[in-house]
Amino acid sequence: MDALSADLPAARILAAIRDVPRGAVAGYGQIARRAGLPGRARMVARLLAGNGDDTLPWHRILRSDGRIAFPPDSPGFREQVRRLRAEGVVVEKGRVRMPRGDAGDLDAALWGPDA
DNA sequence: GAAATGACGCGTT
DNA sequence: GAACGCGCCATTT
């Protein structure tokens with residue numbers, strides 16, 4: 001590939017993920033949309049799967065339903081839950097507590113800091 | 001070039 | 001609320 005071939009899409013997605021504040025979570029499609037690539041939710045997943053970057057908050061990326069993308073028995077699942085809880089995110093049954101206006105555990109910044 | 005795969009999303013049942 | 005099916009995208013076989 002050309003030396004000048006800058007993966008704009010990938011770079012944009014990674015940037016969007018990095019932009020998620022600590023203690024907050026975002027969805028694949030949401031990240032893709034934020035990166036200017038609507039419908040590329042799957043591309044986000046593929047990137048996280050093969051990025052290998054520890055500095056990237058991949059654990060803050062969940063499905064649109066707020067559920068962990070990994071199967072409940074998978075090691076990745078446990079790792080993600082572990083990391084989220086370490087940041088103060090409430091995870092119950094493999095699902096992240098959505099900012100339902102109830103108990104102000106998480107002020108709101110969660111499901112969409114730009115909302 | 002077609003078929004299969006995958007850390008997805010949404011509407012229906 | 002859970003299970004099922006179809007659509008969408010990019011990479012791999």
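Reminder, nothing fancy here: chain letters follow the sequence lines and each chain counts from 1. Bear in mind that the values here come from a model prediction, so they are computed numbers and not experimental data.
- Distance check: A:I13 CD1 to A:R34 CZ gives 13.5 Å after rounding to the nearest 0.5 Å.
- The CG atom of A:L47 lies 9.0 Å from the CG atom of A:D7; values are rounded to the nearest 0.5 Å.
- Atom-to-atom distance recorded for A:W58:CH2 and A:L48:CG is 9.0 Å, nearest 0.5 angstrom.
- Boundaries of the chain A contact region on DNA chain B are B:dG6 to B:dC10, first to last in 5' to 3' order (nucleotide atom under 4.0 Å from a heavy atom).
- Atom CG in A:L84 sits 10.0 Å away from atom CD in A:E79 (nearest 0.5 Å).
- A heavy-atom distance below 4.5 Å is not found between the side chains of A:L37 and A:V44.
- Whole-Å rounding puts the A:Y28 OH to C:dC8 C1' distance at 16 Å.
- Legend: side chain to side chain donor-acceptor pair (under 3.5 Å) pairs involving residues 35-53 of chain A, not counting sequence neighbours, sorted by first then second residue: A:R18-A:D53, A:D53-A:T55.
- The neighbour count for A:R83 CZ, taken as heavy atoms of other residues, nucleotides or ligands under 6.0 Å away, is above 12.
- Partners of A:R82 according to the salt bridge (Lys or Arg N to Asp or Glu O under 4.0 Å) rule, which considers only residues two or more places apart in sequence or in another chain, do not exist here.
- Residue A:I61 holds its CD1 atom at 5.0 Å from CD1 of A:I17, rounded to the nearest 0.5 Å.
- The stretch residues 38-54 of chain A comes close to DNA chain B through A:A41, A:R42, A:A45, A:L48, A:A49, each having a heavy atom under 4.0 Å from the strand.
- Taking every heavy atom of residues 67-80 of chain A and every atom of DNA chain B, pairs under 4.0 Å involve A:A69, A:F70, by number.
- Listed by chain and residue number, A:E87 satisfy the side-chain hydrogen bond (donor to acceptor under 3.5 Å, both in side chains) test with A:R60 (two or more places apart in sequence, or in another chain).
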